Amino acid sequence: MRRRSLLLAALPAGLVTLAGCGDDKSGSSRASASPSPSSSPPPKIVDGPLPAVTAGVKFGEKPTVAKGSGEPSKNLAVKTLIAGSGRPVAENEFIQANYLGQIWDTGKVFDNSYDRGSPLLMQLAQGTIIDGWRYALLGKKIGSRIEIAVPPAYGYGKAGQPQAGIKGTDTLVFVIDVVSSFNSGSSAKGKAVAQNDAALPKVAVNTDGKVPKVTVPKTDPPKKLVSEYVLEGDGPKLKPEQTVLCQFQGLVWESGKTFQQTYGTGRLSQFSIEQMQQTVKGLAQGLNGKKVGSRVLIVVPPELGYGDKPPSGGLIKKGSTLVFTVDILAAM
């Protein structure tokens with residue numbers, strides 16, 4: 001069973017979802033999150049004290065961190081160990097990061113992503129991550145390694161995290177490698193693949209974060225599920241148990257009209273493939289096995305979409321075939 005990161009707030013199955021897949025005006029696919037583990041005024045940021053990293057000092061290596069010495073600061077201590085050269089991270093962006101977390105007083109490691117072999121994917125927004133991370137990482141550049149010491153007020157508060165052995169008085173030490181970030185202007189960056197089948201929609205290959213134009217042919221839709229690369233990325237293949245971060249648009253084949261999209265809306269979509277299997281089965285099946293970094297065209301026949309039970313009041317009718325383009329930005 002896959003282990004959930006302790007850093008994340010208790011989110012529903014999809015932080016930002018395609019639930020309902022109705023008319024975009026319905027407001028579905030908006031962010032939804034429970035309150036963060038802590039919610040405090042912005043902290044004073046200081047440069048120490050911080051324990052030494054004694055091994056694994058390169059970006060991407062699992063670090064070994066000494067036990068804290070003396071009393072930790074009551075403020076948020078932040079130090080850049082390796083300065084990256086990418087763009088700075090902004091509020092509300094999604095980031096991928098590897099990290100190790102341990103307790104100041106004991107040096108006990110309570111969580112790390114290096115052993116899992118997959119970076120954490122989360123949004124730097126109130127309610128989705130502990131405040132110590134949210135404030136410490138703002139403005140840091142992609143490719144940076146950051147060390148921070150988080151007092152309880154900006155971690156898990158007085159309640160702590162008993163299941164991880166974290167008391168309400170514990171200061172937490174993290175080493176964080178900021179791998180990548182994504183925002184509403186992100187798009188797939190893969191290699192264009194020839195679109196030679198005249199019976200399928202043609203999808204634009206722009207990579208500027210703007211909605212790619214889709215031209216649906218004036219012919220009958222295919223009877224079976226179609227899943228084809230438009231831009232083929234070089235990332236790992238998606239697995240059924242993963243959560244996907246993406247840009248997408250959905251159109252109705254019969255009318256050619258868009259019923260929902262993230263492009264140009266100021267938000268991204270994040271959902272688990274397993275969750276999508278319960279909502280739009282064909283979309284989940286079409287994404288499974290596709291590479292991160294790709295743009296994918298997925299044509300969903302009615303029996304793998306909404307069949308004779310479409311969302312009420314929207315553009316999708318009984319028996320509609322659905323056309324999706326999905327830019328797979330990241331997965332966890």
Side-chain angles (χ1 to χ4, degrees), residues 16-18 21-25 28-30 87 93-94 180-222 224-238 244-271 273 276 280 282-301 304-305 314-316 320-331:
V16 186
T17 76
L18 288 168
C21 274
D23 191 326
D24 190 51
K25 295 177 182 178
S28 60
S29 191
R30 292 188 184 277
R87 65 178 182 82
E93 289 190 338
F94 286 82
S180 56
S181 70
F182 308 94
N183 57 33
S184 59
S186 298
S187 65
K189 301 292 185 182
K191 182 179 179 181
V193 176
Q195 301 177 63
N196 296 323
D197 191 340
L200 294 179
K202 296 295 184 289
V203 183
V205 295
N206 55 295
T207 58
D208 54 4
K210 296 180 180 179
V211 58
K213 181 180 178 181
V214 178
T215 303
V216 180
K218 303 296 184 180
T219 57
D220 290 337
K224 296 183 178 181
L225 178 71
V226 173
S227 179
E228 300 286 349
Y229 285 116
V230 177
L231 299 171
E232 185 173 358
D234 58 3
K237 294 181 178 180
L238 293 179
V244 180
L245 180 69
C246 66
Q247 293 265 33
F248 82 97
Q249 64 179 320
L251 304 91
V252 178
W253 180 291
E254 290 78 7
S255 67
K257 292 183 178 180
T258 301
F259 60 85
Q260 196 174 38
Q261 68 179 49
T262 57
Y263 302 97
T265 65
R267 62 185 186 266
L268 298 175
S269 184
Q270 185 182 25
F271 56 85
I273 295 179
M276 188 52 61
V280 183
L283 181 56
Q285 293 177 5
L287 286 173
N288 188 36
K290 289 296 187 283
K291 298 176 184 177
V292 173
S294 300
R295 175 172 298 161
V296 183
L297 166 68
I298 302 173
V299 181
V300 179
L304 295 178
L315 296 171
I316 303 172
S320 289
T321 293
L322 307 180
V323 179
F324 291 94
T325 69
V326 184
D327 282 15
I328 307 169
L329 303 178

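Please read these numbers as outputs of a predicted model, since none were measured by experiment.
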To the nearest 0.5 Å, what is the distance between CD1 on Ile273 and CG on Leu283? 9.0 Å

Cationic N near anionic O, under 4.0 Å, Glu93 to Arg87: yes

Would Tyr263 and Asp327 count as a side-chain contact (heavy atoms from CB on, under 4.5 Å) here? Give the steps. CA-CA 10 Å; Tyr263 302 97; Asp327 282 15; 3.2 Å; yes

Could you tell me the separation between the CG atom of Asp208 and the NZ atom of Lys210, rounded to the nearest 0.5 Å? 5.5 Å

Distance (rounded to the nearest 0.5 Å) between Leu287 CG and Lys237 NZ: 14.5 Å

Heavy-atom check, side chain of Val300 versus side chain of Thr321, under 4.5 Å: no

Honestly, is Lys290 close enough over Tyr229, meaning NZ or CZ under 6.0 Å from the six-membered ring centre and within 45° of the axis? yes

Looking at every heavy atom in both Asn206 and Pro212, which two are closest together, and how far apart are they? OD1-CA, 3.4 Å

Roughly how far apart are Leu200 CG and Thr219 OG1, rounded to 0.5 Å? 8.5 Å

Would you indicate whether the side-chain heavy atoms of Trp253 and Pro301 approach each other to under 4.5 Å? no

Donor-acceptor pair, Lys202 side chain versus Asp197 backbone, under 3.5 Å? yes

Considering only heavy atoms from C-beta outward, does the side chain of Val252 approach that of Lys257 to under 4.5 Å? no

Within 6.0 angstrom of Asp234 CG, more than 12 heavy atoms from elsewhere: no

Any side-chain heavy-atom pair from Leu297 and Ser227 closer than 4.5 angstrom? no

Between atom CD of Gln249 and atom OG1 of Thr325, what is the distance when rounded to the nearest 0.5 Å? 3.5 Å

Are Val323 and Phe259 side-chain neighbours, meaning at least one heavy-atom pair lies under 4.5 Å? no

Note, Leu322 side chain near Phe324 side chain (heavy atom, < 4.5 Å): yes

Assess whether side-chain hydrogen bond (donor to acceptor under 3.5 Å, both in side chains) is satisfied between Ser187 and Gln247, documenting all intermediate values. CA-CA 7 Å; Ser187 65; Gln247 293 265 33; over 6 Å; no

Between CG on residue Asn288 and CE on residue Met276, distance to nearest 0.5 Å: 13.5 Å

Derivation and outcome, side-chain contact (heavy atoms from CB on, under 4.5 Å), residues Lys189 and Leu231: CA-CA 7 Å; Lys189 301 292 185 182; Leu231 299 171; over 6 Å; no

Closest non-hydrogen contact found for Val230 with Ala204 is CG1-O, 4.0 Å

What are the two closest non-hydrogen atoms of Val280 and Gly305, and how far apart are they? CG1-CA, 4.2 Å

For a side-chain contact (heavy atoms from CB on, under 4.5 Å) check, start with the C-alpha distance between Gln285 and Leu225, then their side-chain angles and the critical distance, and finish with the verdict. CA-CA 9 Å; Gln285 293 177 5; Leu225 178 71; 3.8 Å; yes

Are any non-hydrogen side-chain atoms of Phe94 and Ser180 less than 4.5 angstrom apart? no

State whether the side chain of Gln195 and the backbone N or O of Val203 hold a donor-acceptor pair below 3.5 Å, judged by distance alone. yes

State, to 0.1 Å, how close Ile328 and Cys246 come at their nearest heavy-atom pair, and which atoms those are. CA-CB, 4.4 Å

Could you check Arg295 against Val326 for side-chain contact (heavy atoms from CB on, under 4.5 Å), going step by step and ending with a plain yes or no? CA-CA 5 Å; Arg295 175 172 298 161; Val326 184; over 6 Å; no

With a 3.5 Å cut-off and no angle check, do the side chains of Ser294 and Glu232 form a donor-acceptor pair? no

Taking every heavy atom of Pro217 against every heavy atom of Ala199, the minimum-distance pair comes out as CG-O, 3.6 Å

Got Gln261 and Phe248 here, is their nearest side-chain heavy-atom distance under 4.5 Å? no

